[in-house]
Each structure stands twice: as C-alpha cells, then as structure tokens.
Amino acid sequence: MRKFSILNAPKHVLLWIYALVSLSPLVIMVMNSFRTTQQMATDPLGLPESLNFGSYQKAWITASFETYFLNSMFVTITSVFIGTVVSLMAAYVFARSKRRVFAVLEGLFLSGLLLPVFLAILPIFYLFDALGLISNLWGLIAVYSALSIPFSSFILAAFFRQLPIDLEEAARIDGAGYFRTFFFILLPLVRPAIATVVVFRFVPIWNDFFYPLMLMRDRAAYTLPVGLTRFFGEYQTDWATLFAGLTITTIPLIILFIVASKQLVSGLTAGMSK
Amino acid sequence: MKTESKPRQHGKMPILIGVAFVIPALMLFSVFILYPLTTALGYSFFSWKGTLRGDFTGFANYVTVFTKAPFDEALPNAFFNNLLLFAGAMVFQNSIGLALAVVLHKIGRVKRLFQTLFTLPYLVSPLVVGYLWSLMLSPLFGPVNATLKQIGLGDFAHPWLGDPTTAIWAIVFITAWQWIGFPMLLYGAALGGIPEEISEAAEIDGASGQKKFRLITFPLLLPALGTVSILTFIGAMESFPIPYAVGGSTGSPAGATDVMALLFYRTAFESGDVGSIGTSSALAMLLFLFIFGVAVVLRTSLAKAERKLYD
Amino acid sequence: MRKRISALGLIGVAALVLAGCAPAADDAAEEATTSASATADAVDPVTLTMWSWRTEDVEKYNTIFDVYEAANPGVTVEFEAFLNTEYNQLLATGLEGSDGPDLAMVRAYGGVQALIEAGQLLPVDGLVDTSSVEQSLLVAATGRTDGNLYGVPFATQTLQMFYNKGIFDELGLSEPTTWGEFIALNEAIDAGGYTPMALGAKDSWMLPIFHEIVGAARYGGPEFRDELLAGTSDFTDADYIASIQIVNDMTEYMVDDVIGVAYADSQIQFTAGTAAQFPGGSFELGNFTSQAPDMELGVYLVPTPPNSVSEKPLAAGWADGSFAINAKGENQEAALNLLNWLASEEFGQLFVDEVKQFSAITGLTYSDPVMKEMNELFASGPTAYINLVDMRYGDPSGSTLIGEGIQSMFLGDMNASGVSTKLQDGIATWFTPGA
C-alpha cells in the first residue's frame with residue numbers, strides 16, 4: 001500500500017529533470033542523423049529541417065551496414081551466451097565451495113578485468129595469426145566470451161552467495177544431484193543477476209570497435225562499430241552518415257534493454273521471498 | 001527460520017564436481033586472457049625496436065618510467081587524477097545510484113520507464129560520447145552554457161572542458177551520466193532480495209524511514225555495495241574512453257584530464273620513441289599491480305565486515 | 001530468458017550463413033575495379049593491397065589507381081583505409097602477421113622509425129627513381145639510425161592564414177602586408193562584430209601550428225633551424241621566446257575562454273561565418289570547401305612582427321606521409337613498380353587533381369586557385385614545421401611539449417619563457433644536436 005501524497009511530486013520532478021539530462025545527447029544524436037554534415041557545420045545543434053533519410057540509406061546500403069549488422073548480432077549474442085553460461089557455472093562453485101583453490105581462482109578471474117586491452121592486442125594478434133583466427137568471427141567470439149568471465153563470474157558469485165542454503169539442502173535431501181540443483185533451483189532465482197550481466201556484457205561487446213578493428217582485417221567480417229570508424233577521417237568526419245549509423249547501432253541495444261528490464265522487475269518480485 | 005545464523009557455504013562439494021563446473025571458464029580464460037596478460041606484462045622486461053623484441057633489460061623500463069621525463073611528472077599527475085575519478089565516482093555515481101534505486105524501489109509503475117531512461121546513456125557508443133558532450137559543454141555552441149545564461153545563472157557558464165579545475169569534474173560527471181544505470185540496477189536487484197517480512201516487521205515496530213534504512217536495508221545491501229565499489233575502483237583506475245574522447249590523448253587542458261590509461265596509450269602508440277612497447281608495458285604492469293593489490297585488500301576487508309554484521 | 005537467447009542465437013547463426021552467401025557484392029562500390037584489358041597480356045595477375053589512414057580519400061584513390069591499372073594490365077590495386085587514430089597499431093601488427101598489405105602509407109619523420117627499426121619496411125635506395133620528388137622531403141621516409149630510404153613521401157602540408165573574403169569585403173579589408181596592418185585588421189574585424197581568429201585551443205596539437213603561423217618569422221625559421229640542429233642554439237633562444245609571447249598576445253583576437261574551444265568547434269566558427277580568419281594547415285581546404293561551398297576563401301602569410309629575425313613572412317611546411325613497401329610482402333617486384341609510379345609526375349598530378357592536397361612531387365600545376373596561391377606563398381618563404389619534422393624522433397615530442405606549454409600559458413600558469421624551457425628540457429632528454 002503506497003500513499004500517494006504531495007511529497008511524491010518533487011521526487012517525480014527531479015526524476016524527470018535527470019531523465020532529460022540523461023537523454024539529451026541521445027536526442028542530439030538522432031536529430032543530427034536527419035541533417036546533413038553541412039548543416040551541422042553551420043549550426044551544430046539545430047533542428048532537422050525535414051526527415052531526411054538519406055544518411056540512413058547511405059549507411060545501410062553504400063556502407064554495407066547490413067552485413068555488419070548481422071555480424072554484430074552473431075558475435076554479440078553468441079559471446080554473451082557462452083560467457084554467461086561458463087560464468088554461471090564457475091560462479092556457483094565459487095559461492096558454494098569453501099575450498100581454497102576456488103577462492104584463488106575467483107581472485108584470478110577478477111584480475112582479468114585488469115587486462116590492458118591496448119597492450120594485450122599484440123599477443124592476442126600473434127595468437128590469432130598462429131591459430132588462423134584473423135578475420136574469423138569465432139576468434140572474436142572466443143575473446144569476448146573470455147573477457148566476459150571476470151565481470152560476470154564476480155557479479156553472479158555475489159548473487160549466488162545471497163541465496164539461502166536451505167533450498168539446496170532440501171533438494172539434496174530429495175536426492176537431486178549438483179547439476180539438477182544448479183539448473184532447476186538456483187538458476188531461476190538469480191534471474192535478475194543474469195539479466196544484469198547480460199545487459200552489461202551485451203552493450204560493451206556490441207559497441208566495441210577495437211578488437212574487431214585490429215583482428216578482423218577482411219571487410220566481410222566487420223562488425224557495426226568498425227563500420228562506423230570508416231566515417232571518421234583524418235581531418236574530416238562524415239557526421240551525418242555517422243549519426244545515422246550510430247542510431248542504427250543503438251536501436252537493438254534499446255530493445256534489448258527494454259526486454260531485459262522486464263526480467264529484472266519480474267525476477268525481483270517473484271522467487272526471492274519465500 | 002533463522003537464515004542469518006547459518007553459514008552460507010558448505011565445503012561438501014566434491015572436488016570433481018567443482019572442477020567440472022569451473023573448467024570451461026578456466027580454459028577460455030587461460031587461453032584468451034591469462035596468456036595475453038602475462039605475455040604483455042612480460043614485455044616490460046625487454047628493450048624494443050618497434051615490434052621487434054630486443055635484449056632482456058630487467059627493471060630498466062621501470063626505472064625510466066619513474067625517473068625520466070615526461071613520465072616523472074606525468075605519472076604521478078595521471079595517477080592522482082585516477083584517484084580523483086574514483087572518489088568522484090563513489091560520491092556521485094554510486095550514492096546517487098543508490099538513492100535512485102531506493103526511490104525507484106517503491107515508485108510503482110514508472111519504475112521500468114525510469115530505469116530505462118537512466119540506463120540509456122550506457123548504450124551510447126564510446127566513439128561519440130566525447131564528441132556529444134564536447135558539443136553539449138562547448139562555450140560557443142553548447143546548450144549547457146546557453147541554458148545557464150537563459151535561466152539567469154550566466155555566471156556559472158564556464159569553459160567546462162577548457163578549465164583544468166573543472167575539466168576533471170566534467171569527466172566525473174560524464175562518466176556518472178553513462179554508468180549510473182549500473183549501481184542503480186545492482187542495488188535495485190539487491191533491494192528486491194530483502195524479504196518483505198523483515199521490512200514490514202520493522203515498520204510495524206515503528207521504525208522511521210531513516211532508521212529502517214540504517215539498521216536493516218543498508219547492512220543487507222553491504223555485499224552489493226562491496227561489489228559495486230570494487231568494480232567502480234577498477235573502472236576508475238582504468239578509465240579510458242571518456243577522458244580520451246574529451247581531453248584527447250594528452251589529457252588537455254595541460255594534463256588536467258590525463259589518466260594512467262591515456263599515458264599508456266600515447267606512450268604505446270603515439271610516441272616517437274622506438275622502445276615504447278617496453279615503457280608502456282612497464283606502466284601497464286605498475287597499474288595492474290596497484291589495482292590488483294587494492295582490490296584484494298578491499299575484498300578481504302569487505303568480507304570481514306560482512307562476517308561481522310552477520311554474527 | 002534462456003529460451004529467448006537460444007532462439008536469437010539460432011537466428012543469428014542462420015543470418016550469418018546468409019550473409020556469407022553474399023560476399024564482396026556490397027563492397028564492390030568501394031573496392032578497386034578490375035583492370036579493363038585483363039586478357040590482353042600474358043602477365044600473371046597480381047593484386048596489390050595498400051593500407052592507409054585516409055578514410056576520406058578512398059574513392060579518390062580508387063580513381064587514381066584506375067589509371068595505373070589501365071596502363072599495367074593484370075595488376076589490381078586494392079586501397080583500404082582504417083581509422084586514423086588506431087592506424088599505427090593496425091599497421092604494425094598487420095606487417096607482422098601473415099596477411100599484411102603489400103604497400104602502406106606510413107607516417108613521416110619520427111612516426112615511421114619504429115617500423116623501420118623493426119625491419120618491417122623494405123629499403124628502397126636505388127630501387128626507386130626519386131628524381132621528381134622534392135629532395136628535402138626525402139628525410140621524412142629515411143631511417144634515422146641507418147640513413148636508408150624506406151619510402152616515397154606523397155603529401156605535403158603548408159601553414160597559412162585562411163580568411164573569409166566575404167567578411168573582408170563587407171568590412172572593406174584587404175590582406176595585410178605589415179604587422180601594423182595585421183593588428184589594425186584584427187581590430188577592425190572585432191569592431192565589425194566578428195571574431196577575428198578561430199582557434200581550437202582545447203586541442204593542444206593546434207597550438208604549435210598557430211605558433212608557426214604567427215611566430216616563425218620572429219624566431220627566424222630556416223636560420224634558427226640550422227642552428228638548432230647544429231647545436232649552436234636551442235629553444236631558450238630569446239627570439240624563440242619572443243615568438244611564443246606573440247602567440248599569447250594574439251588571444252586578444254579570439255573568443256573569450258578560447259581554451260575551452262575544441263578544434264571541431266573552431267572549424268565550425270569559420271564555416272558558419274562567425275569568425276573571419278582561420279590559422280590552419282592546407283589540410284583544411286577539403287573541409288572548408290565541402291562544408292561551406294559558398295564561401296570565398298583567401299589565404300595570406302602573416303606579416304613579420306617587429307624585431308623579426310626573418311625579413312620576409314614564412315610558411316611552415318612538412319611531408320605528411322609516405323608510401324612504403326612491406327618487407328615481408330610476396331609481390332615485391334610488382335610493389336616496386338607501383339612505388340616507382342607513385343614517385344612520378346603522372347601520379348603527382350593525379351594526386352593534386354583528385355585528392356586536392358599538395359604533393360611531394362615537384363613541377364606540378366595546381367588548378368584550384370586557393371591551392372595555387374598557397375603553393376606560391378610557400379615557395380616565397382618556405383620553412384620547416386620544426387616541432388613536427390625534427391622533434392618527433394623521441395618521447396616527449398616537441399609538438400606535445402609546446403602545445404601543453406602554450407595551454408598553460410593561456411591559463412596564466414606559465415609565461416613564454418617557461419614554455420620554451422619546458423620544450424627545451426623535454427627534448428633534451430633524447431635529442432642530440434649534430435646527430
């Protein structure tokens with residue numbers, strides 16, 4: 001039972017003000033996608049004169065965005081899936097086992113967050129070259145899945161630890177094995193954590209331009225962000241096409257987030273309290 | 001049901017099962033993270049000519065990084081800026097994120113809408129975050145200064161990104177803008193994990209909102225707080241896309257927005273020195289050791305604090 | 001949730017299979033077209049790949065290489081451009097790997113030394129006819145330690161003051177010939193309601209450029225450079241300090257808080273017509289003509305300030321990149337043929353006409369009136385952009401030091417003398433005169 005009082009009003013006002021701050025750069029991005037670079041050169045923040053879809057056409061067709069879009073989908077979805085699955089399994093052990101070796105392993109995984117991306121590109125490049133993974137999307141998937149492990153296992157282990165032990169012990173008494181307990185009992189309970197991890201891995205992988213730029217030399221293997229980098233010139237940037245490309249790149253993320261946030265909310269109200 | 005007093009772990013899991021669950025992650029991690037990480041850090045012990053490795057030089061690169069120009073000034077300056085970013089993130093990003101999570105927890109149907117709106121910045125590509133905010137904060141074209149002038153606060157209008165005192169705070173703000181969804185969602189998930197009965201019992205007992213928060217909510221949020229703090233620390237020490245996009249690779253103006261990752265980047269990629277792989281990996285190693293050390297300390301002290309609370 | 005993920009995963013896989021069935025069809029417009037008479041001669045067909053950071057010039061180079069392909073049946077040149085900021089790393093790893101390019105654009109002067117010392121580029125002394133190339137620019141592609149030539153410079157840039165003829169006409173102004181006229185000009189523009197000069201001081205790399213434009217004559221351009229390289233003078237020379245002071249004095253003719261203005265903002269100031277002048281490099285021409293096609297552009301060299309060492313106004317210039325050959329490439333003979341063509345007048349003229357930048361090749365004609373004028377101005381008073389040409393062979397680089405120093409000076413934290421000391425102390429850690 002919630003009391004709707006006048007005290008709620010300032011809260012809402014502040015929330016909406018911050019929402020405006022949150023959104024303004026995005027709005028600028030979308031508005032500018034409907035203008036030409038010339039218009040932006042004279043008036044950087046003006047309103048679009050008309051809904052000019054020319055830049056979208058240019059990005060999608062001339063700049064092969066269709067190919068890049070499909071590549072991005074494939075790489076990101078697969079990487080997030082693999083990364084989350086292996087992290088879930090490892091997190092379960094970290095949370096539930098007292099053995100020293102797993103505590104050390106958990107710390108080791110966490111240290112993976114400290115991988116200096118720009119420096120490690122050299123050994124990764126040579127590794128890929130040796131394995132023939134240059135310009136192979138599976139190479140990207142392998143790297144991204146591995147990169148997801150530190151963050152995902154850390155968060156998921158924390159959430160597993162929060163779960164009361166009784167459920168598992170009850171299941172054990174009923175004769176369920178570790179895997180059954182893990183899959184059918186614990187997994188549904190950490191759904192909000194899984195949703196969080198999925199969102200916070202999907203977005204950076206989808207938006208990453210560095211690994212594909214360095215490791216995918218064949219244009220057919222480009223992902224969307226790499227496609228975007230081609231609009232940046234040394235001294236001149238094709239802003240109009242860039243913003244159109246950016247809007248195309250951002251829409252799937254918005255959809256994903258809206259879907260995932262539903263899971264977050266529903267997961268919170270169900271299951272946790274017994 | 002006394003859930004709090006029972007231990008939350010049991011060491012009874014057979015080692016084989018544990019290993020079986022961990023092996024897939026371990027394999028991926030070893031090949032694609034551990035191997036490159038150790039190799040890259042190992043570069044710091046050699047001399048280099050471009051991508052050609054030279055002789056083993058021991059700690060020579062480390063000595064250079066601590067004593068030679070430009071590192072002797074740039075390194076402490078950048079390091080200090082990273083610490084500032086961490087402090088700023090804890091104060092603005094995490095506390096506001098917590099406040100938002102608390103406010104949204106009870107707000108009803110608009111919760112999802114606001115969660116989405118506040119997390120949307122995270123979705124913006126790092127390629128253009130810097131450009132968009134440079135535009136927003138530009139003293140010539142930016143709406144921020146224009147709005148301030150319009151509502152009569154013209155005195156506050158400032159070259160935000162050009163003034164060394166405000167530039168670093170601009171980065172704190174932009175980082176918070178982009179990342180506030182993370183603590184907000186995590187705390188939100190943790191808040192949802194607090195059983196309703198405890199909450200309502202406290203209310204029946206007459207606990208005020210503030211008291212309830214201090215004695216019940218906050219302690220139960222401690223694990224989430226710990227997680228968020230460690231990740232914020234790592235993120236602040238490694239901060240790169242936003243400082244790079246806003247201040248360029250030299251941390252304009254006059255090094256005020258220079259951070260360790262920028263120092264590393266320009267040493268590795270923009271330096272005229274042919275031995276730069278050696279020096280830049282020494283920088284990376286130092287950063288790694290520092291973050292690793294602090295993260296370990298943070299985790300052990302947080303674990304101790306948790307245990308104390310639950311006894 | 002996981003069902004949804006698996007379903008999406010299946011769709012993703014299916015999509016990739018479909019995508020794989022449509023190879024370079026979409027990319028046909030961007031890749032080089034195949035040569036016209038493929039069946040003519042019995043030459044083994046060769047595809048040469050060339051890498052570059054000039055994403056904005058891809059189509060132009062394709063047009064240029066069409067000419068080469070028509071004259072050399074069987075040879076196809078594929079020109080690929082990558083993000084400028086990551087190009088160095090991309091190239092270094094690409095040249096190491098097994099699938100690297102046959103040729104590549106490489107950075108000039110200090111920027112190419114790492115590749116040379118790692119043995120990744122083919123030395124081309126004696127293998128390329130460089131007689132048409134401006135000889136003083138060959139140092140841009142030369143190894144500093146071994147003195148060998150590793151490539152052919154392809155572009156040069158010059159520095160000068162751009163101005164909006166429309167605004168000048170409106171205010172009844174003309175190009176200044178003395179310093180007094182220059183100051184009066186700026187005052188008049190200011191009084192006329194326009195910003196006299198647009199400068200992006202937030203982006204420190206623009207500051208040494210500005211310094212050369214207004215100060216090169218004051219410190220004595222070529223004479224100073226000779227002394228600097230020989231070791232008889234250094235950056236703490238009184239005339240050099242004075243040239244830095246001029247930079248500070250000029251902020252009077254820029255917007256307030258110029259330290260907060262980004263490079264992109266300053267370009268907009270000029271193209272939108274709020275600033276009358278833009279001190280910049282010849283590389284700005286492409287941007288200005290495409291963003292403000294209706295603006296009439298003029299250029300001039302800033303007149304000599306009082307007490308100048310040089311008697312005439314100077315235009316600083318430098319080579320902006322070279323073509324080089326991958327030492328590990330498989331098609332080196334064909335690559336060398338192409339490189340020789342890239343050192344020829346034919347290429348130079350095509351380059352000037354299509355890419356609209358200055359070429360390193362001598363004896364070319366410039367049809368664009370602004371380019372013609374910039375070329376003539378440069379010829380009237382050439383000097384080198386010292387902090388780029390000579391001071392990037394080590395870390396810290398001269399241009400970074402002076403850029404940061406000038407920023408501090410604008411903020412009031414350092415005076416001109418402090419800036420020059422900062423510059424001198426920094427480069428002294430690796431620079432040895434007479435080397």
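What you see is a predicted model; the values in this text were computed from it and never measured. Here is how names work: the chains are called A, B, and so on, in the same order as the sequence lines, proteins then strands, and each is numbered from 1.
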Q: Would you name the heavy atoms of W16(A) and L113(B) that are closest together and state the gap between them?
A: CH2-CD2, 3.7 Å
Q: Could you check if a side-chain atom of F21(B) sits within less than 4.5 angstrom of a side-chain atom of F94(A), using non-hydrogen atoms only?
A: no
(Q) Which one wins on heavy-atom pair count under 4.5 Å against chain A: L231(B), T39(B), V103(B), V124(B)? (A) L231(B)
Q: Answer with side chain, backbone, both or neither: which region of A224(B) has an atom nearer than 4.5 Å to a non-hydrogen atom of chain A?
A: neither
Q.
Show, in sequence, the C-alpha distance, side-chain angles and deciding distance for L26(B) and L105(A), and conclude whether the side chain to side chain contact (heavy atoms under 4.5 Å, CB included) test is met.
A. CA-CA 9 Å; L26(B) 188 60; L105(A) 218 51; 3.8 Å; yes
**Q.** Interface moiety of L256(A) toward chain B, non-hydrogen atoms closer than 4.5 Å
**A.** neither
Q | Test item: P123(A) and Y43(B) side chains (from C-beta on) under 4.5 Å apart, heavy atoms | A | yes
Q) Quick one: what part of F200(A) sits under 4.5 Å from any heavy atom of chain B, side chain, backbone, both or neither? A) both
Q: Could you name each residue pair satisfying salt bridge (charged side-chain N to carboxylate O under 4.0 Å, His left out) that touches residues 277-299 of chain B, not counting sequence neighbours?
A: E106(A)-R299(B)
Q) Which of the residues P24(B), P36(B), S280(B) is involved in the greatest number of heavy-atom pairs with chain A at under 4.5 angstrom? A) P36(B)
Q. Between I121(A), L14(A), V21(A), which residue shows the highest count of heavy-atom pairs closer than 4.5 Å to chain B?
A. V21(A)
Q) Is a side-chain N or O of R96(A) found less than 3.5 angstrom from the main chain of G18(B), in a donor-acceptor match? A) no
Q) So F118(A) and F269(B), would you call those rings parallel, tilted or perpendicular, with 30° and 60° as cut-offs? A) perpendicular
Q.
Under 4.5 Å from any heavy atom of chain B, what part of L246(A) do you find: side chain, backbone, both or neither?
A. side chain
**Q.** Interface moiety of W206(A) toward chain B, non-hydrogen atoms closer than 4.5 Å
**A.** neither
Q. Chain B heavy atoms under 4.5 Å from F202(A): which part of the residue, side chain, backbone, both or neither?
A. neither
Q | Heavy-atom pair of closest approach, residues P25(A) and W177(B) | A | CG-CZ2, 3.5 Å
Q: Start with the C-alpha gap between V199(A) and F182(B), add the side-chain angles, then the distance that decides, and say whether side chain to side chain contact (heavy atoms under 4.5 Å, CB included) holds.
A: CA-CA 10 Å; V199(A) 167; F182(B) 177 63; over 6 Å; no
Q) If you measure from CD1 on I254(A) to OG1 on T119(B), what distance do you get to the nearest 0.5 Å? A) 11.5 Å
Q. Measuring from L115(A):CG to E238(B):CD, what's the distance to the nearest 0.5 Å?
A. 8.5 Å
Q) Given side chains that start at C-beta, do those of F290(B) and L114(A) come closer than 4.5 Å, heavy atoms only? A) no
Q) Looking at L113(A), T250(A), I82(A), T237(A), which has the largest count of heavy-atom pairs under 4.5 Å with chain B? A) L113(A)
Q. Given a strict heavy-atom distance threshold of 4.5 Å, which part of L122(A) is in contact with chain B: side chain, backbone, both, or neither?
A. both
Q. Under a 4.5 Å heavy-atom cut-off, does chain A meet the side chain of A284(B), its backbone, both or neither?
A. side chain
Q.
On a heavy-atom basis, which atom in A25(B) and which in I149(A) lie closest, and how many Å separate them?
A. O-CD1, 3.4 Å
Q. Given the options A40(B), A261(B), G142(B), which has more heavy-atom pairs under 4.5 Å with chain A than any of the others?
A. A40(B)
Q) Do F257(A) and T116(B) touch side chain to side chain, with heavy atoms closer than 4.5 Å? A) yes
Q.
For a quick test of reading the model, state the closest non-hydrogen atom pair linking Y18(A) to I180(B) and the distance between them.
A. OH-CG2, 3.7 Å
Q) Non-hydrogen atoms of chain A under 4.5 Å away: do they reach the side chain of V110(B), the backbone, both or neither? A) side chain
Q: Could you grab the distance from atom CG of L117(B) to atom CG of L15(A), nearest 0.5 Å is fine?
A: 10.0 Å
Q: Identify the heavy atoms of F288(B) and S111(A) that sit nearest to each other, and give their distance.
A: CE1-O, 3.9 Å
Q. Side chain, backbone, both or neither: which part of A158(A) has a heavy atom under 4.5 Å from chain B?
A. side chain
Q. Are I23(B) and M89(A) side-chain neighbours, meaning at least one heavy-atom pair lies under 4.5 Å?
A. no
Q: Heavy-atom pairs under 4.5 Å with chain B are the metric here; pick the option from F209(A), F128(A), F154(A) that has the most.
A: F154(A)
Q) After noting the C-alpha distance and the side-chain angles of L253(A) and Y122(B), does the key distance pass the side chain to side chain contact (heavy atoms under 4.5 Å, CB included) rule? A) CA-CA 10 Å; L253(A) 296 178; Y122(B) 185 61; over 6 Å; no
**Q.** Max heavy-atom pair count under 4.5 Å with chain B, selected residue of S22(A), P204(A), A146(A)
**A.** S22(A)
Q.
Given heavy-atom pairs under 4.5 angstrom as the criterion, report whether the side chain, backbone, both or neither of A99(B) touches chain A.
A. neither
**Q.** Distance, nearest 0.5 Å, that separates NZ of K11(A) from CG of L100(B)
**A.** 11.5 Å
**Q.** Reported CZ-to-CG distance for the pair F292(B) and L108(A), which is rounded to 0.5 angstrom
**A.** 7.5 Å
Please set out all donor-acceptor pairs under 3.5 angstrom arising from side-chain atoms of residues 127-135 of chain B, sequence neighbours excluded.
residue, atom, partner, partner atom, Å
S134(B), OG, G130(B), O, 3.0

Q: Counting only heavy atoms closer than 4.5 Å, note whether F109(A) contacts chain B via side chain, backbone, both or neither.
A: both
Q | Gap between atom OG1 of T227(B) and atom CZ of F159(A) - 0.5 Å precision | A | 8.0 Å
Q. Which bit of L147(A) comes within less than 4.5 Å of chain B, counting heavy atoms only: side chain, backbone, both or neither?
A. both
Q: Measure distances from F114(B) to the heavy atoms of chain A and classify the residue's part below 4.5 Å as side chain, backbone, both or neither.
A: side chain
(Q) For N207(A) versus L123(B), what's the shortest heavy-atom pair and its separation? (A) ND2-O, 3.1 Å
Q. Where on P241(B) is there a heavy atom nearer than 4.5 Å to chain A: the side chain, the backbone, both, or neither?
A. neither
Q) Between M136(B) and S24(A), is any pair of side-chain heavy atoms under 4.5 Å apart? A) yes
Q) Got more than 12 heavy atoms from elsewhere within 6.0 Å of OH, Y126(A)? A) yes
